[in-house]
Amino acid sequence: MSERKYDPHEIEPRWQAVWADEHTWEVSNEGALATGARGASGPESEQTSSYVLEMLPYPSGEPHIGHLKVYSVGDAIAHYHRRLGRRVLHPMGYDSFGLPAENHAIKTGVHPRASTDASIASFQRQFREWGISIDWSRELATHEPSYYRWTQWIFLQLFDAGLAYRKEAAVKWCPKDQTVLANEQVSPDGTCERCGATVEVRQLEQWFLRITDYAERLLNDLNEIEWPEHVKTMQRNWIGRSEGAEVTFRCEELGIDYPVFTTRPDTLFGATFFVMAPEHPDVLRLVAGTEREREVREYVSHAITESGEERGNAEKPKTGVALGRTVTNPVNGEQIPVYVADYVLMEYGTGAIMAVPGHDERDHAFARAFELPIRRVIEGTPPEGSGDEQGLPYTGDGSLVNSNAEFDGMDNREALSAIVSWLDREGKGHASVNYRLRDWLISRQRYWGTPIPIVYCEDCGAVPVPEDQLPVRLPDVEDYAPKGRSPLAAAEEWVRTGCPECGGEARRETDTMDTFVDSSWYFLRYCDAANAEAAWDPAVLGEWMPVDQYIGGVEHAILHLMYARFFCKALADLGHLDFQEPFRALFTQGMITKDGAKMSKSRGNVVSPSSIVERYGADTARCYILFIGPPDQDADWSDEGMEGVHRFLSRLWRLAAEVAERGREEPHAAPPAGSHATLPRVEHVPPGGVAHAPPRTTSAFQEHAAPSTAEDAPTGASASRARTGSAADDDLTLLRKAHWAIDKVSGDLRRFAFNTAIAAVMELLNECSRLRESVSVDSQRFALATAASLLFGFAPHVSAEAYELLMGERVWEQPWPRAEEEMLERDTYELVCQVNGRLRDRVQAASDASPDELKALCHAAPNVRAHLDGKEIVKEIVVPGKLVNLVVR
RNA sequence: GCGGCGGUGGCGGAACGGUAGACGCGGAGGCCUCAAAAGCCUCUGUCCGCAAGGGCGUGUGGGUUCGACUCCCACCCGCCGCACCA
């Protein structure tokens, strides 16, 4: 046993230096271009290139444990793909614009660029210390003009296509961050997702991206991608598609048509009133100059200042005010009263609804509160415990009643389409689809972001900055503090500019873009990061995109992942891309918690990657984080668990060092005492072949293949062949274990089961350790080299070290090991003997035994006999390779 | 309310419808050592039993099956998303 100790602090920097000096993980685009378009749908084995991407970090302070996890997962995948023979693009960058750096600047006066750059330097250093296999030649940061120049270019493409537009709207405003927010950035409780302040509504003119144009495609194309079901579900919910009809209700007095969206046109005959949202622009117009005006004004101003939380509470009693107007129900000509009520939302549908109190719970509650008529138009009884004396509201299916001669008696589902057809013919409505998704508000009244490349001219209006004048650089300012307008507005010299169209005086847009715009296309830029002429060369993109495996946190399930999909579709429509979906497969990793709680500074339970790496080395940290449990689930950090992984890596290194030493002392020519003379030495095969071929089948293998019988096989569960077996048996046992591990790890990697993959390597190492006295150096070397090879993607440094000690070669240059079929097959196995489905005995059976032979073995098993005593056998189930089950009575 | 994901030893977790608890942690005992650390070995779901062996065990209750952690039905609990969405 070597006296030396596993020292990650000596090993890790040495290998990091090799990878850095040799630019090991860089890939060029030329190869990709030369091979032509890669078979996007081709089988895994034929794929020649692969794009493995983890979500880029927001550089703030130091990397945290979540970063360690996501890049450990991504690196394992990247290495696996490489060793399957693919050229792997595995880049890194920084989402470096954003509020935290700016808030820090407000507090300290340090320019956000300075703190951001410092943080980026820390991330870079740690990524190298973790040994992540990154192609550093493609590194980018979204705050660099060389990057945001193209963010601005994309904005202009969208602007030219009418997909970026400016409009005044009721928008979400965070009073603390002093900026508007996207709908997606407001938490369900009506607070700012970032700072927690209660979000207000303000009427402001803002920039939007027309993501709603893509609602249908964003929904449908979810079927084309390999994403976790829960993420797809979240996106589907967020898009919120509803099928129904748009129906026009006319206000005869004023001659105005009001379309409403309904999913239940079959209940149109039950519409007994009409309700508008407080924000509806016509509410005040309808009451202007009437005695109702004052009351309505008061109600409206109260309603729009209510917080989303107050207003959104479904339990809240219904409130509202009658407008003193009526509209005509198009199906029966009835005049029905119009109300304003806060339960109707301006942002969904048309901001006005037809109210059917007989068949809608909310309308029913309102009708009761305001004593409005409630009419049943569909027969049926609501579930127990709901509904009034008449069984209303009833929201289920049934036959139409109280409608008209044409539709009464008709099944409501049929009636639905029949009524829509009728409306269509009469010009009073049509089938319609409505979405919950809103357009994406991208302007922010903040400093640290990509400037929006627009100037305002008195004569020409909003004019795009010409492409050759990009980037519009972010100017330096004195004061970053938000004052309800962008800090950029204070940079007067920067703001004042000439109009690109008429040359006259103009002023620059002073808002910046939401940082989600920056991160909606970074994966494209990686493909062609050095391109100074264009955002990308479509030919280069064609080689790498779409991303084969994207990895990140679920927290981006809606925001980033929806925006990036939208960008791809829009840019594809504009002819800049030839694919629709950016991320073919997605993996979402779970959170690492401490003592069951999210790590946070305020809780004081933060485990910092740098402290773990300092103490145990990067390999232990990475390996533990993958071993802790299924990577898509949350997992709780345990220092003891990490100690266990550290012991495992120590043992691997120690055994490798020991075997390397033993190998030097005992050259292959003189194997010890005949025990394994029949086993040839490990072969070295050039790249493209099998990495380290296992010893070929020899007499040792055949000797072992002698079939056992029930009589001579051990019957006790704990009987161990290895203990009593000869040295050659042990060699074979170990080699088989190695091949088993190759097979197991290969399968586990395909399904992201890193925890069980590492467990399999642990098993192999346990076997090496257990048999180390009785097997040949060659067998030991093969088994340990296999362990190192399989472990390389999880613990690269120690694996590279061990492999080099054993084989004198670089493990990452070896192809992924292949398990040999014959080494996976067993000539005997443990046959499970059951009586009535209960385990009663285990016996050795020959692999090629016939069902009848297996039955006989089972009958002969001592403990089976005891349970058969005096019973009648009714059925015998034989599962070759597994078990025999005797059913008795 | 709608949708999604979960519930297995003291703990993290393994188990194509076929030996429940791999692997690791923790625990107990032992070896090595003057001693300790490190390392190594054995045991470790639970109850009965000296043992052989047996009973009970994967949230609850049913069902399908020779056989169910796994499939089906009805519940309970937890987490996540959406929700006065017409």
Between [X] (side chain only) and [Y] (backbone N and O only), is there a donor and an acceptor less than 3.5 Å apart?
| X | Y | value |
| --- | --- | --- |
| A:Asp342 | A:Ala303 | no |
| A:Asp363 | A:Val356 | yes |
| A:Tyr616 | A:Asp619 | no |

Could you please name the option among [options] that lies closest to any side-chain atom of [X]?
| X | options | value |
| --- | --- | --- |
| A:Arg751 | B:G26, B:A15, B:C40 | B:A15 |
| A:Asn863 | B:C84, B:G53, B:A22 | B:G53 |
| A:Met234 | B:C85, B:C80, B:G26 | B:C80 |
| A:Thr233 | B:C84, B:G3, B:G24 | B:G3 |
| A:Gln834 | B:G12, B:G18, B:C84 | B:G18 |
| A:His867 | B:C84, B:C40, B:G54 | B:G54 |
| A:Thr262 | B:A86, B:G12, B:G4 | B:A86 |
| A:Arg840 | B:A86, B:G54, B:C25 | B:G54 |
| A:Val832 | B:A86, B:U19, B:A22 | B:U19 |
| A:Arg838 | B:G13, B:G4, B:G55 | B:G55 |

Report yes if at least one side-chain N or O of [X] is closer than 4.0 Å to OP1 or OP2 of [N]; otherwise report no.
| X | N | answer |
| --- | --- | --- |
| A:Arg772 | B:C40 | no |
| A:Asn766 | B:A22 | no |
| A:Ser242 | B:A86 | yes |
| A:Asn434 | B:C85 | no |

May I have the step-by-step check of ring pair (Phe, Tyr, Trp, His ring centres under 6.0 Å) for A:Phe366 and A:Tyr339, ending in yes or no?
CA-CA 10 Å; A:Phe366 190 88; A:Tyr339 284 78; 5.3 Å; yes
Please report, rounded to the nearest Å, how far the [atom2] atom of [N] is from the [atom1] atom of [X].
| X | N | atom1 | atom2 | value |
| --- | --- | --- | --- | --- |
| A:Glu643 | B:C25 | CD | C1' | 11 Å |
| A:Glu347 | B:C85 | CD | P | 12 Å |
| A:Phe261 | B:A86 | CZ | P | 7 Å |
| A:Ile625 | B:G24 | CD1 | C1' | 16 Å |
| A:Leu839 | B:G55 | CG | C1' | 14 Å |
| A:Phe274 | B:A86 | CZ | P | 16 Å |
| A:Arg236 | B:C2 | CZ | P | 19 Å |

Salt bridge (Lys or Arg N to Asp or Glu O under 4.0 Å) assessment of A:Lys5 paired with A:Asp7:
CA-CA 6 Å; A:Lys5 195 167 179 289; A:Asp7 180 8; over 6 Å; no
Any N or O donor-acceptor pair under 3.5 Å from the base of B:C66 to the side chain of A:Asn885?
yes
When the [atom1] atoms of [N] and [M] are considered, how many whole Å apart are they?
| N | M | atom1 | result |
| --- | --- | --- | --- |
| B:U46 | B:A51 | P | 15 Å |
| B:C71 | B:U58 | C1' | 16 Å |
| B:C72 | B:G17 | P | 11 Å |
| B:G21 | B:C25 | C1' | 14 Å |

Would you mind classifying the nucleic acid contact of [X] as base, sugar-phosphate or nothing, using non-hydrogen atoms under 4.0 angstrom?
| X | answer |
| --- | --- |
| A:Gly644 | sugar-phosphate |
| A:Asp363 | nothing |
| A:Lys316 | base |
| A:Val344 | base |
| A:Pro630 | sugar-phosphate |
| A:Ile353 | base |

Would you say the side chains of A:Gln834 and A:His867 form a donor-acceptor pair under 3.5 Å?
no
Does the ring centre of A:His646 sit less than 6.0 Å away from the ring centre of A:Tyr624?
no
Taking the ring centre of each residue, are A:Phe249 and A:Tyr258 less than 6.0 Å apart?
no
Residue whose closest nucleotide on RNA chain B lies nearer the 5' end, A:Gln633 versus A:Ile877
A:Gln633
When A:Glu763 and A:Arg647 are each assigned the nearest nucleotide of RNA chain B, the 5'-most assignment goes to A:Glu763
When you check the glycosidic angle of B:G55, does it come out syn, meaning within 90° of 0, or anti?
anti
Over 60° means perpendicular and under 30° means parallel, so classify the ring planes of A:Tyr394 and A:His359, tilted if in between.
perpendicular
Watson-Crick and G-U pairing of RNA chain B written in dot-bracket, each distance under 3.5 angstrom, with | for inter-strand partners:
(((((((..(((.....[....)))((((((.......))))))((((....))))..(((((..]....))))))))))))....
Please step through ring pair (Phe, Tyr, Trp, His ring centres under 6.0 Å) for the pair A:Trp227 and A:Phe587, ending with a clear verdict.
CA-CA 7 Å; A:Trp227 284 23; A:Phe587 183 85; over 10 Å; no
